[in-house]
J.: 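Take a look at this one; I'll ask things after.
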Amino acid sequence: MSRLFNKEITRRGFLGASSCALATAAVGSQVTVLKALATSGQVSAPGSLQSRDVFTSCGMCVNKCGVIARVREGVIQKLDPNPNFIKSRGMLCARGNAGPKVVYDPDRLKYPLIRAGKRGEGKWRRASWEEALDLVAKNLNELAEKYTRAGTVFVSTEGTFSEHFFLQLAECYGSPNTLRHPSLCLASNLQGFGATFGTSPTPDVLNADFILMSGANRSEALMTPDSIDMLKGDGGRRKLVYLDPRFTRTAAKADEWYPIKAGTDMAFILAMIHVIVTEELYDKAFVEKMTVGFEQLVPHIEQYSPEWAEAECEIPAGDIRRIAREFAAAAPRAVYYQGRRSSFFDNDTQMRRAMAILNTIIGNWDVKGGMVPNGKIKLSKHDYLAPWYDDVPDRLEKGTVSYLSEKDGSWPNFREMVLQGEGYPVKGMMIYKQNVLGSVPNRAKSLKMMAQMDFICTIDITMSDTAWYSDVVLPEATYLERQDPLESLSGILPVVAWRQPCVEALFESKPNLWIMQQIARRLGDEIFESFDFTIDEHIHHQVKKNPKILEDLKSKGVYYEHTEPRYGASYKKRLKTRSGKIEIYSEKYASKGLDPLPVYKAPEAVPAGKYRLIVGRHAYFTHGTTANNAYLHDIMPENTLWLNAAEAKRLGLRDGSRVRVRSAVGEEALRLEVTEKIRPDCVYMAHGFGVLSKAQSNIYGKGGSDAALIDDKVCPISGNVAMHQTFVEILPA
Ligand SMILES: Nc1nc2c(c(=O)[nH]1)N[C@H]1C(S)=C(S)[C@@H](COP(=O)(O)OP(=O)(O)OC[C@H]3O[C@@H](n4cnc5c(=O)[nH]c(N)nc54)[C@H](O)[C@@H]3O)O[C@H]1N2
Ligand SMILES: Nc1nc2c(c(=O)[nH]1)N[C@H]1C(S)=C(S)[C@@H](COP(=O)(O)OP(=O)(O)OC[C@H]3O[C@@H](n4cnc5c(=O)[nH]c(N)nc54)[C@H](O)[C@@H]3O)O[C@H]1N2
Ligand code: SF4
Ligand SMILES: [Mo]
């Protein structure tokens with residue numbers, strides 16, 4: 001636990017302490033902020049003035065780190081890491097520390113709002129919950145009547161435990177059309193690893209002696225515990241080889257960094273396999289016992305020599321050969337870390353297949369320091385009976401890709417069909433915790449899609465761009481103000497996390513379950529029946545087979561079944577693949593007419609006078625969610641366009657000057673950051689800026705939107721978007 005509590009720490013102090021990517025600092029007192037809001041008549045005095053420490057989970061990103069909220073005089077003064085939550089290794093990052101500012105943010109959503117002007121004009125009328133919910137239910141009923149229940153799409157992102165209730169509403173309402181974040185994020189990853197192993201395993205970063213990473217920028221794109229373990233390792237033998245067209249903070253920590261040509265990682269991986277196979281460095285016993293298809297791999301891989309790969313990926317053949325030998329020598333405590341976001345190129349699924357195969361042949365499966373299948377602690381499921389509707393068609397974009405997730409869908413394909421008027425009309429959008437206009441590539445198309453809607457309702461905590469273009473905006477209580485259901489997080493050390501209210505919900509914000517219940521009630525008894533429970537009842541039901549879970553959550557803020565990894569359990573079972581073994585050669589893919597072994601396809605060359613746009617994370621920001629947070633905004637007020645110094649010189653552009661960036665689908669203005677830290681053929685910008693919503697008062701008008709520039713290319717196997725296939729030109733502003 002931090003000793004910083006009770007010390008007056010200024011905001012500058014906080015910033016100084018968090019200038020490294022992983023910060024464990026304290027946020028200064030919120031009392032003044034709250035008092036300022038109270039005297040301006042914006043907030044009532046805090047309901048409870050007691051002081052207490054509350055176990056809860058961070059809600060600033062997907063990691064859900066364990067938190068102890070220090071509540072003093074009814075105000076969240078600061079958040080500390082919960083030392084019992086092993087997954088986050090006693091860390092709260094800069095965003096986690098800035099959490100209280102989400103609650104005490106003058107820009108947060110306070111009341112239900114109904115659009116008063118044109119969409120996007122920013123004219124709103126404050127409404128009562130009663131009126132706003134009636135309007136939502138009336139529209140959902142009308143949409144069902146006119147277009148069937150598939151005529152409304154339910155859009156959401158995982159990250160709050162309450163998404164569950166939103167998906168339940170979609171199911172009970174009767175829409176097959178749910179669009180979740182995986183087709184913007186990790187769908188190709190899940191597909192490529194799933195096709196090989198029957199599951200997407202977790203690299204045992206803490207115990208691996210050799211880690212290879214392709215663009216998984218863990219020092220800035222934080223994933224716990226990997227971001228911390230990657231730096232520490234367990235015994236000082238660790239070697240990290242990192243490929244990225246940019247010199248990131250991960251590159252700075254790596255033993256070797258190669259500025260790989262974007263989109264060519266598969267060439268590097270195939271050449272590694274080539275060396276390991278031809279030099280017989282693979283694990284023969286493992287391959288024999290645990291895999292199918294090695295005999296097809298041998299002739300297939302012959303064409304992919306290191307010399308061939310060097311011409312593609314621009315990593316010297318000698319280095320590829322050496323790295324392959326070192327990697328095999330470190331086996332099985334060696335991993336090709338697959339990363340998370342795999343929305344880079346349209347061959348991402350096959351690229352992840354290649355990674356999985358490379359991991360397989362060195363025999364690193366389900367052993368210490370290898371690729372470990374995830375465990376998950378069982379919670380009892382909440383059973384409900386969704387009404388049956390006869391006239392509901394299949395998902396709109398069904399059949400557009402080889403493997404479409406029924407639950408997650410494919411955002412770009414879905415949107416395209418709506419725009420082309422194919423299939424059937426979709427005229428309603430219910431949106432929960434997803435910022436479509438910031439997160440789905442080709443913002444102009446998303447705006448067009450939204451313009452075609454009869455009705456859009458967004459449930460958010462701030463006036464996101466998507467809320468700004470909606471008809472009804474409903475304010476959810478923030479993660480520090482609500483009780484969420486328990487969440488079982490899978491991993492090498494599976495854990496149950498929970499989220500308790502630290503303070504009463506401010507203004508008129510309400511938890512998602514309440515909002516869903518109120519909508520369900522208005523949609524009729526048959527739907528409401530499934531929602532007729534309290535959150536406490538739901539939680540008690542979740543732990544009914546193991547009440548110890550709740551006891552531990554109350555006393556420690558977290559529940560673990562075991563706190564040391566357990567390896568090898570999967571060897572006793574059939575894997576969830578067709579053959580029951582690890583599939584180097586995929587019969588499943590062959591039967592769908594897909595390449596059963598990964599075949600290299602070079603990315604389109606960068607046209608003369610243009611640059612490839614690549615995007616990614618900044619440690620201080622979660623997508624578009626935290627850029628307006630006053631503490632974080634203070635550290636980095638806008639994103640910039642990284643351009644290689646030699647190119648800037650050639651174009652006569654100076655560091656700090658404003659430029660226009662133009663792609664085939666949009667144009668944005670940004671400040672130029674001239675740097676040696678990027679290849680000359682790429683430019684880079686951090687994701688999450690360039691907002692349309694004037695209600696994001698700190699960041700409106702600052703930086704540029706990557707979603708406005710990125711073209712909407714799609715992986716034909718998984719339906720994931722491909723974000724790095726956009727070329728831009730740079731013009732003086
Ligand atoms: N701070 C912070 N952490 C986060 C998140 C966040 O928003 N903020 N989001 C979380 C989520 S949802 C996700 S999915 C993960 C994302 O985790 P990552 O996938 O690791 O994150 P990105 O920053 O998107 O990674 C892009 C990196 O790949 C590089 N790159 C681009 N093209 C190529 C290429 O062709 N080859 C190689 N080798 N590298 C390339 C980019 O320069 C960039 O550094 O991060 C998670 N962690
Ligand atoms: N251009 C571009 N697009 C991308 C990416 C990229 O790098 N570049 N990355 C992709 C990836 S990996 C992912 S995972 C997706 C993420 O896509 P999104 O989920 O759309 O990402 P966020 O910007 O975090 O948007 C979350 C929204 O939820 C709101 N929110 C936050 N907390 C709460 C809450 O407690 N309750 C409610 N109701 N709302 C809340 C935020 O205010 C915000 O409007 O984006 C993808 N899209
Ligand atoms: S990584 Fe940071 S923002 Fe994400 S859950 Fe952990 S503390 Fe919160
Ligand atoms: Mo993601």
Side-chain angles (χ1 to χ4, degrees), residues 21 59-63 93-95 102 108-109 155-160 162-163 166 180-186 189 213-218 220-224 227 242-251 258-265 268 313 339-345 351 411 431-443 458-467 474-479 481-482 484 511-512 515 603 612 614-628 642 678 682 684-688 696 705-710 721 723-724:
M60 299 292 276
C61 88
V62 296
N63 288 307
C93 77
R95 296 165 297 158
V102 172
R108 69 175 280 176
L109 289 175
V155 176
S156 64
T157 289
E158 171 257 358
T160 73
S162 286
E163 190 203 7
F166 180 77
R180 301 182 65 254
H181 68 290
S183 69
L184 309 168
C185 174
L186 74 173
N189 206 331
M213 277 182 159
S214 275
N217 180 15
R218 278 299 154 270
E220 294 170 89
L222 305 179
M223 296 300 301
T224 58
S227 292
Y242 178 68
L243 319 181
D244 196 313
R246 295 189 304 135
F247 186 81
T248 62
R249 284 189 164 89
T250 309
Y258 295 90
I260 189 168
K261 184 168 149 195
T264 66
D265 296 73
F268 174 83
C313 68
R340 182 175 163 98
R341 182 165 75 87
S342 45
S343 47
F344 289 12
F345 286 84
M351 198 266 265
W411 238 118
I431 303 165
Y432 177 72
K433 203 207 166 279
Q434 192 180 98
N435 182 18
V436 174
L437 292 175
S439 307
V440 188
N442 198 339
R443 186 170 73 186
T458 294
I459 303 161
D460 208 299
I461 54 170
T462 59
M463 186 63 89
S464 68
D465 285 0
T466 308
L474 303 177
E476 189 179 16
T478 67
Y479 72 97
E481 300 167 312
R482 62 174 195 252
D484 275 345
N512 188 41
I515 301 172
R612 180 182 299 283
I614 57 176
V615 299
R617 309 277 171 275
H618 191 290
Y620 299 148
F621 303 107
T622 302
H623 310 285
T625 305
T626 60
N628 196 56
W642 288 30
I678 188 165
C682 294
Y684 167 82
M685 67 197 279
H687 170 49
Q696 305 248 343
S705 160
D706 56 347
L709 293 169
I710 300 172
V721 296
M723 295 193 190
H724 300 174

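Model, not experiment: these values are computed from the prediction. Start at 1 and go down the list; that is how both ligands and their atoms are numbered.
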J.: Could you tell me which atoms of ligand 1, counted from 1 in the order shown, lie closer than 4.0 angstrom to a heavy atom of A619?
T.: 1 (N)

J.: Per the side-chain contact (heavy atoms from CB on, under 4.5 Å) rule, which among I459, D460, V155 passes with Q434?
T.: V155

J.: Out of T462, T157, V440, T466, which one pairs with N435 under the side-chain contact (heavy atoms from CB on, under 4.5 Å) rule?
T.: T466

J.: Using the rule given for side-chain hydrogen bond (donor to acceptor under 3.5 Å, both in side chains), can you reason through T478 versus E481, listing the C-alpha separation, both sets of side-chain angles and the distance that settles it, and then say yes or no?
T.: CA-CA 5 Å; T478 67; E481 300 167 312; 2.9 Å; yes

J.: Pairwise, report which nitrogen or oxygen atoms of ligand 2 are under 3.5 angstrom from protein nitrogen or oxygen atoms, and how far apart they are.
T.:
{"residue": "ligand 2", "atom": "1 (N)", "partner": "D706", "partner atom": "OD1", "Å": "3.1"}
{"residue": "ligand 2", "atom": "1 (N)", "partner": "D706", "partner atom": "OD2", "Å": "3.0"}
{"residue": "ligand 2", "atom": "3 (N)", "partner": "S439", "partner atom": "O", "Å": "3.2"}
{"residue": "ligand 2", "atom": "7 (O)", "partner": "R617", "partner atom": "NH1", "Å": "2.9"}
{"residue": "ligand 2", "atom": "8 (N)", "partner": "H687", "partner atom": "ND1", "Å": "3.1"}
{"residue": "ligand 2", "atom": "8 (N)", "partner": "D706", "partner atom": "OD2", "Å": "2.9"}
{"residue": "ligand 2", "atom": "9 (N)", "partner": "R617", "partner atom": "NH2", "Å": "3.1"}
{"residue": "ligand 2", "atom": "17 (O)", "partner": "S439", "partner atom": "OG", "Å": "3.1"}
{"residue": "ligand 2", "atom": "19 (O)", "partner": "T157", "partner atom": "OG1", "Å": "2.7"}
{"residue": "ligand 2", "atom": "20 (O)", "partner": "N435", "partner atom": "N", "Å": "2.8"}
{"residue": "ligand 2", "atom": "20 (O)", "partner": "S439", "partner atom": "OG", "Å": "2.6"}
{"residue": "ligand 2", "atom": "23 (O)", "partner": "G624", "partner atom": "N", "Å": "3.0"}
{"residue": "ligand 2", "atom": "23 (O)", "partner": "T625", "partner atom": "OG1", "Å": "3.4"}
{"residue": "ligand 2", "atom": "24 (O)", "partner": "T625", "partner atom": "OG1", "Å": "2.4"}
{"residue": "ligand 2", "atom": "35 (O)", "partner": "R482", "partner atom": "NH1", "Å": "3.0"}
{"residue": "ligand 2", "atom": "35 (O)", "partner": "R482", "partner atom": "NH2", "Å": "3.4"}
{"residue": "ligand 2", "atom": "36 (N)", "partner": "E476", "partner atom": "OE1", "Å": "2.7"}
{"residue": "ligand 2", "atom": "38 (N)", "partner": "I459", "partner atom": "O", "Å": "3.1"}
{"residue": "ligand 2", "atom": "38 (N)", "partner": "E476", "partner atom": "OE1", "Å": "3.0"}
{"residue": "ligand 2", "atom": "42 (O)", "partner": "D460", "partner atom": "OD1", "Å": "2.6"}
{"residue": "ligand 2", "atom": "42 (O)", "partner": "T462", "partner atom": "OG1", "Å": "3.2"}
{"residue": "ligand 2", "atom": "44 (O)", "partner": "D460", "partner atom": "OD2", "Å": "2.7"}
{"residue": "ligand 2", "atom": "47 (N)", "partner": "S439", "partner atom": "O", "Å": "2.7"}

J.: Any heavy atom of H618 sitting closer than 4.0 Å to ligand 1?
T.: yes

J.: Which of the numbered atoms in ligand 1 are under 4.0 angstrom from any heavy atom belonging to N217?
T.: 20 (O), 44 (O)

J.: Do Y432 and T458 have a side chain donor and acceptor closer than 3.5 Å?
T.: no

J.: As an exercise, identify every atom of ligand 1 less than 4.0 angstrom from a heavy atom of R218.
T.: 17 (O), 18 (P), 20 (O)

J.: Heavy atom of G339 under 4.0 Å from ligand 1?
T.: no

J.: The test is side chain to side chain contact (heavy atoms under 4.5 Å, CB included); show your working for R341 and L184 and say whether it passes.
T.: CA-CA 8 Å; R341 182 165 75 87; L184 309 168; over 6 Å; no

J.: The test is side chain to side chain contact (heavy atoms under 4.5 Å, CB included); show your working for L109 and M463 and say whether it passes.
T.: CA-CA 6 Å; L109 289 175; M463 186 63 89; 4.2 Å; yes

J.: Looking at R249 and E220, is there a salt bridge between them, counting it only when a charged N and a carboxylate O are closer than 4.0 Å?
T.: yes

J.: Could you walk me through whether S214 and D265 pass the side-chain hydrogen bond (donor to acceptor under 3.5 Å, both in side chains) check?
T.: CA-CA 7 Å; S214 275; D265 296 73; 2.7 Å; yes

J.: Taking only heavy atoms of S214 into account, list the atoms of ligand 1 that are under 4.0 Å away from them.
T.: 38 (N)

J.: Before signing off on this row, confirm whether L243 and ligand 1 have an N or O atom pair separated by under 3.5 Å.
T.: yes

J.: Assess Y620 for proximity to ligand 1: is some non-hydrogen atom of it under 4.0 Å away?
T.: no

J.: Please indicate whether any nitrogen or oxygen in T248 is less than 3.5 Å from any nitrogen or oxygen in ligand 1.
T.: no

J.: Within a distance under 4.0 Å of any heavy atom of G263, pick out the atoms of ligand 1 and give their elements.
T.: 34 (C), 35 (O)

J.: Test your reading of the structure: does L222 have an N or O sitting under 3.5 Å from an N or O of ligand 1?
T.: yes

J.: Taking side chain to side chain contact (heavy atoms under 4.5 Å, CB included) as the test, write out the residues that go with T625, two or more places apart.
T.: T622

J.: Say whether, by atom type as modelled, one donor and one acceptor occur between the side chain of S227 and the main chain of T224 under 3.5 angstrom.
T.: no

J.: Side chain or backbone of I260 under 4.0 Å from ligand 1, or both, or neither, by non-hydrogen atoms?
T.: side chain

J.: Report the C-alpha distance between R246 and W642 in whole Å, list the side-chain angles of each, state the deciding distance to 0.1 Å, and finish with yes or no for side chain to side chain contact (heavy atoms under 4.5 Å, CB included).
T.: CA-CA 9 Å; R246 295 189 304 135; W642 288 30; 3.3 Å; yes

J.: Show me which atoms of ligand 1 lie under 4.0 Å from any heavy atom of E220.
T.: 1 (N), 2 (C), 3 (N)

J.: Would K261 count as a polar contact of ligand 1, with the cut-off being nitrogen or oxygen pairs under 3.5 Å?
T.: no

J.: Using a strict 4.0 Å threshold on nitrogen-to-oxygen distance, state whether K433 and E476 make a salt bridge.
T.: no

J.: R617 and N217: side chain to side chain contact (heavy atoms under 4.5 Å, CB included), yes or no, with the steps?
T.: CA-CA 8 Å; R617 309 277 171 275; N217 180 15; 5.9 Å; no

J.: Going by the atom numbers of ligand 1, which of them fall below 4.0 Å from some non-hydrogen atom of F345?
T.: 35 (O)

